[in-house]
Amino acid sequence: MKVYDISQEVFSCAVFPGDPSPERIEMMKINEGAICNLTAFKMCAHNGTHVDAPYHFIDKGKTIDEVDMKRFVGYAYVASHEGDITAEDATSILEKARRAAEEKQNSLKADQESCDAYNRILIKGKAVMTEDAAKIFAENKILLFGNEFQTVGPEDAPMAVHLIMLGEEIVLLEGIRLGEVEDGVYFLSAAPINLGNSDGAPCRAILVEF
């Protein structure tokens, strides 16, 4: 078993333009005579590696604490892509994910959970979601979509893509790092911090290769 940490370190993480950067505050320090080291911090819910809840762009959408945890944890498919993701690209990625999931299923033991990697898609590379591609993923009702940028869709106009995908309650896992990960099927854990009534939350995302 191999574990890949696909999360960014928080205090040095990438930040979406205009969002505040994380701030580390040393409340107590042993080398200054305190009984322990104690750290406080301030950050945006969308700094670094994080997940978007529907409430991020939909006022009556689910908040992060209301999203079903099964969306964040389970088999996922990693696919490399550079540039815009078109509708044709999205269809091809889903087809590859289904074939890979079928192959993985054949190698699983009878008592293991069935492989549904086509429900969680992670894109490796400098890829930008288009509206047409977002509609393909939405129509297929995937559970989660992840990418390496700090947002899904064009950075200067992210709203349309978010509305399409969050409208189908697809969890958006943004700011992951897949440089060391080959294309294929893995087990994903990207559970967010349980922030009540929040539009998103940081997470420690990992991939497990069996």
Query raised in the report: Do any N or O atoms from the side chain of S7 and from the backbone of A205 form a donor-acceptor pair under 3.5 angstrom?
Result: yes
Query raised in the report: Do V67 and F72 pass the side chain to side chain contact (heavy atoms under 4.5 Å, CB included) test, and can you show the C-alpha distance, the side-chain angles, and the key distance before you say yes or no?
Result: CA-CA 9 Å; V67 177; F72 306 104; 3.7 Å; yes
Report task. Say whether M165 and F16 are linked into one hydrophobic cluster, either directly or through other cluster members, by side-chain heavy-atom distances under 4.5 angstrom. Result -> no
Requested in this report: Please report the shortest heavy-atom distance between C13 and P22, naming the atom on each side.
Outcome: SG-CG, 3.8 Å
Query raised in the report: Would you say Q8's side chain and G175's backbone share a donor-acceptor pair under 3.5 angstrom?
Result: yes
**Report entry** Check: Q105/Q112 side-chain N/O donor and acceptor closer than 3.5 Å
**Finding:** no
Report task. Say whether, by atom type as modelled, one donor and one acceptor occur between the side chain of N147 and the main chain of T151 under 3.5 angstrom. Result -> yes
Query raised in the report: At their closest point, which heavy atom of M69 faces which heavy atom of A191, and how far apart are they?
Result: CE-CB, 3.6 Å
Query raised in the report: Going by atom types only, do Y4 and E209 share a side-chain donor-acceptor pair under 3.5 Å?
Result: yes
**Report entry** Under 3.5 Å side-chain donor-acceptor pair for N119 and R98
**Finding:** no
Query - Approximate separation, where rounding is to 0.5 Å, of H50 NE2 and I64 CD1 - result: 9.5 Å
Query raised in the report: Do side-chain atoms of S198 reach the backbone of L195 as a donor and acceptor pair under 3.5 angstrom?
Result: no
Requested in this report: Using a 4.5 Å cut-off on heavy atoms from C-beta on, say whether the side chain of L173 contacts that of C203.
Outcome: yes
Query raised in the report: What are the two closest non-hydrogen atoms of P154 and V161, and how far apart are they?
Result: CD-CG2, 4.5 Å
Query raised in the report: Would you say the side chain of M1 lies within less than 4.5 Å of the side chain of V208, judging by non-hydrogen atoms?
Result: yes
Requested in this report: Might you confirm whether atom CD of E9 has over 12 heavy atoms from other residues, nucleotides or ligands at distances under 6.0 Å?
Outcome: yes
Requested in this report: Using a 4.5 Å cut-off on heavy atoms from C-beta on, say whether the side chain of T49 contacts that of R177.
Outcome: no
Query - Exam field: side chain N47 to backbone S21, donor-acceptor pair closer than 3.5 Å - result: no
Query raised in the report: Which atom pair, heavy atoms only, marks the closest approach of I121 to F137?
Result: CG1-CE2, 4.3 Å
Report summary line: Smallest heavy-atom separation, P54 atom then G61 atom, equals CB-CA, 4.1 Å
Query raised in the report: With side chains defined as the heavy atoms from C-beta onward, is the minimum distance between H162 and M129 less than 4.5 Å?
Result: no
Report task. Check the pair H46, D19 against side-chain hydrogen bond (donor to acceptor under 3.5 Å, both in side chains), reporting the backbone distance first and the verdict last. Result -> CA-CA 8 Å; H46 299 266; D19 286 353; over 6 Å; no
Query - Non-hydrogen side-chain atoms of V181 and I6 separated by less than 4.5 Å - result: yes
Query - E139/K141 salt bridge by N-O under 4.0 Å criterion - result: no
Report task. Just do the side chain to side chain contact (heavy atoms under 4.5 Å, CB included) check on V152 and E174 with the steps written out, would you? Result -> CA-CA 7 Å; V152 170; E174 299 171 330; 3.5 Å; yes
Query raised in the report: So among V185, V3, I176, L178, which one has a side chain to side chain contact (heavy atoms under 4.5 Å, CB included) with L207?
Result: L178
Requested in this report: Find the distance between SG (C36) and NZ (K29) and round it off to the nearest 0.5 Å.
Outcome: 13.0 Å
Query raised in the report: Is it the case that one hydrophobic cluster holds both V15 and I25, taking links as side-chain heavy atoms less than 4.5 Å apart, direct or via other members?
Result: no
Query raised in the report: Given the rule that I, L, V, M, F, W and Y join up when any side-chain heavy atoms are under 4.5 Å apart, are I206 and V10 in one cluster?
Result: no
Query raised in the report: Which pairs count as salt bridge (Lys or Arg N to Asp or Glu O under 4.0 Å) when at least one residue sits in residues 63-75, sequence neighbours excluded?
Result: none
Query raised in the report: Does the pair N37 and N31 meet the rule for a side chain to side chain contact (heavy atoms under 4.5 Å, CB included), with working shown?
Result: CA-CA 9 Å; N37 293 314; N31 63 14; 5.8 Å; no
Query raised in the report: Heavy-atom distance under 4.5 Å between the side chains of P202 and M43, does that happen here?
Result: yes
Query - Nearest heavy-atom neighbours spanning M27 and A40 - result: CG-CB, 3.7 Å
Report summary line: So CD1 of I93 and CG of N140: to nearest 0.5 Å the spacing works out to 12.0 Å
Query raised in the report: Salt bridge or not for K126 and E148, using N-O below 4.0 Å?
Result: no
Query raised in the report: More than 12 heavy atoms of other residues, nucleotides or ligands under 6.0 Å from OH of Y55: is that the case?
Result: no
Requested in this report: Give a yes or no answer on whether the side chain of D84 reaches the backbone of T130 with a donor-acceptor pair at less than 3.5 Å.
Outcome: no
Query raised in the report: Do any N or O atoms from the side chain of R120 and from the backbone of V73 form a donor-acceptor pair under 3.5 angstrom?
Result: yes
Query - Side chain to side chain, T39 and R24, heavy atoms closer than 4.5 Å - result: yes
Report summary line: Residue pairs passing the ring-ring contact (aromatic ring centres under 6.0 Å, His included) test with at least one member in residues 187-210, sequence neighbours excluded, are Y75-F187
Requested in this report: Output the distance between atom CG (L188) and atom CG (L143), rounded to the nearest 0.5 Å.
Outcome: 11.0 Å
Report task. Measure the shortest side-chain to side-chain distance between V171 and F145 over non-hydrogen atoms and say whether it is less than 4.5 angstrom. Result -> no
**Report entry** Interatomic distance, I58 atom CD1 to D199 atom CG [nearest 0.5 angstrom]
**Finding:** 12.0 Å
Query - Side chains of S80 and D183, donor plus acceptor under 3.5 Å - result: yes
Query raised in the report: Side chains of S92 and D89: do they bring a donor and an acceptor to under 3.5 Å?
Result: no
Query - Heavy atoms of other groups near I35 CD1, more than 12 under 6.0 Å - result: no
Query raised in the report: Do the side chains of I170 and V128 join up, straight or via other hydrophobic residues, at under 4.5 Å, putting them in one cluster?
Result: no
Query - ILVMFWY cluster, F149 and F57 together (side-chain gap under 4.5 Å) - result: no
Query raised in the report: Roughly how far, to the nearest 0.5 Å, is CZ of R204 from CD1 of I193?
Result: 11.5 Å
Report task. Take E169 and K62 through the test side chain to side chain contact (heavy atoms under 4.5 Å, CB included) and record every step on the way to the result. Result -> CA-CA 8 Å; E169 299 190 353; K62 289 183 178 178; 3.4 Å; yes
